Amino acid sequence: MPSAKRYWLVKSEPDVYSFDHLWSDKGRRTLWDGVRNYQARNTMRDDMQVGDGVLFYHSNAKPPGVAGIAEVASKSYPDPTQFDPAHKYFDEKSKVEDPRWWLVDIRAKKKVKRFVSLDELKANPKLSEMALCQRGSRLSVQPVRPSEWRIVLAMCGL
DNA sequence: GCCAACGTTGGC
DNA sequence: GCCAACGTTGGC
């Protein structure tokens, strides 16, 4: 039996791949490829389940913040880009029979009614323990508590 | 297994 | 563009 629905936050640079980009992609979904950090990899490989909620966060943006709501749309599977020598995410040390990098599909669910900036998130005392708000937080895939999820969605007007 | 050097992230 | 924070690499 699957465990209860969980919540996550993924980062993307809008100049590279924005929430609107995901929204206009076929099926409003994409492979969340290119993650090359072991902790983020473990989260996708081991912890994410189909239907989990995802905050789509714009990093390296002016301003950075939550730009959309998405969901996990597949079980984890090996990131195909690691095996493609022509791809910038190619990893020559990874073997097909023992893949190093895993991903899930992400599907856009809802546009936010209000963009919520990082400043606003940090200013909310109820979000002081949120992973994103911690100093030096660089993880591109990170957990979100159910309470934090509800608060952020409310801030987004949802 | 330590740790210095180096690379990357990402807010500012 | 700067730089703090942090992850990875590789010599020893």
Side-chain angles (χ1 to χ4, degrees), chain A residues 6-25 30-48 52-72 76-145 147-149 151-157:
Chain A
R6 295 180 225 187
Y7 302 95
W8 313 98
L9 178 146
V10 300
K11 297 180 183 176
S12 187
E13 302 191 20
D15 291 346
V16 179
Y17 190 82
S18 67
F19 184 74
D20 282 345
H21 196 154
L22 176 62
W23 192 265
S24 61
D25 266 356
T30 194
L31 294 70
W32 206 249
D33 61 14
V35 173
R36 295 295 181 266
N37 169 282
Y38 288 105
Q39 203 176 337
R41 187 260 337 243
N42 292 347
T43 297
M44 289 201 287
R45 187 188 60 191
D46 305 333
D47 300 330
M48 284 181 154
D52 283 356
V54 174
L55 299 174
F56 195 108
Y57 176 84
H58 281 175
S59 62
N60 254 324
K62 294 175 187 173
V66 175
I69 308 302
E71 66 178 354
V72 176
S76 61
Y77 59 97
D79 182 341
T81 64
Q82 70 194 301
F83 304 124
D84 178 0
H87 203 283
K88 71 182 236 189
Y89 296 131
F90 177 62
D91 184 346
E92 61 178 2
K93 292 178 184 166
S94 185
K95 301 183 187 121
V96 176
E97 65 274 17
D98 184 23
R100 177 176 292 188
W101 304 112
W102 294 68
L103 53 66
V104 297
D105 290 355
I106 298 285
R107 176 166 51 229
K109 262 200 121 174
K110 281 186 203 162
K111 296 191 179 189
V112 294
K113 294 208 175 86
R114 282 189 65 249
F115 174 87
V116 176
S117 70
L118 178 61
D119 279 349
E120 291 177 75
L121 296 171
K122 284 186 168 170
N124 189 329
K126 290 176 184 161
L127 299 177
S128 62
E129 292 181 27
M130 191 173 177
L132 183 76
C133 297
Q134 304 313 306
R135 206 161 66 111
S137 153
R138 298 194 314 170
L139 261 187
S140 62
V141 178
Q142 52 180 258
V144 173
R145 297 187 178 120
S147 58
E148 294 164 347
W149 171 266
I151 291 163
V152 173
L153 257 66
M155 293 171 80
C156 290

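Convention: sequence-line order gives letters A, B, ...; per-chain numbering from 1. Note that the structure is a prediction, hence the values are computed from the model and not measured.
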Considering residues, nucleotides and ligands other than A:Gln134, do more than 12 of their heavy atoms fall under 6.0 Å from its CD?
yes
Taking atom CD of A:Glu129 as the centre, does the number of heavy atoms from other residues, nucleotides or ligands within less than 6.0 Å exceed 12?
no
Centroid separation A:Trp101 to A:Tyr38 less than 6.0 Å
yes
Donor + acceptor pair across side chains of A:Asp105, A:Trp32 (<3.5 Å)
no
Between [X] and [N], is there a contact of a side-chain N or O with OP1 or OP2 at under 4.0 Å?
{"X": "A:Arg135", "N": "C:dA5", "value": "yes"}
{"X": "A:Lys11", "N": "B:dG10", "value": "yes"}
{"X": "A:Tyr38", "N": "C:dT9", "value": "no"}

Using whole Å, report how far [atom1] of [X] lies from [atom2] of [N].
{"X": "A:Lys93", "N": "C:dT8", "atom1": "NZ", "atom2": "C1'", "answer": "10 Å"}
{"X": "A:Asn37", "N": "B:dT9", "atom1": "CG", "atom2": "C1'", "answer": "10 Å"}
{"X": "A:Arg138", "N": "B:dG10", "atom1": "CZ", "atom2": "C1'", "answer": "9 Å"}
{"X": "A:Asp15", "N": "B:dG11", "atom1": "CG", "atom2": "P", "answer": "13 Å"}
{"X": "A:Leu118", "N": "B:dT9", "atom1": "CG", "atom2": "C1'", "answer": "14 Å"}
{"X": "A:Leu139", "N": "B:dT8", "atom1": "CG", "atom2": "C1'", "answer": "13 Å"}
{"X": "A:His58", "N": "B:dC12", "atom1": "NE2", "atom2": "C1'", "answer": "19 Å"}
{"X": "A:Asn60", "N": "B:dT8", "atom1": "CG", "atom2": "C1'", "answer": "11 Å"}

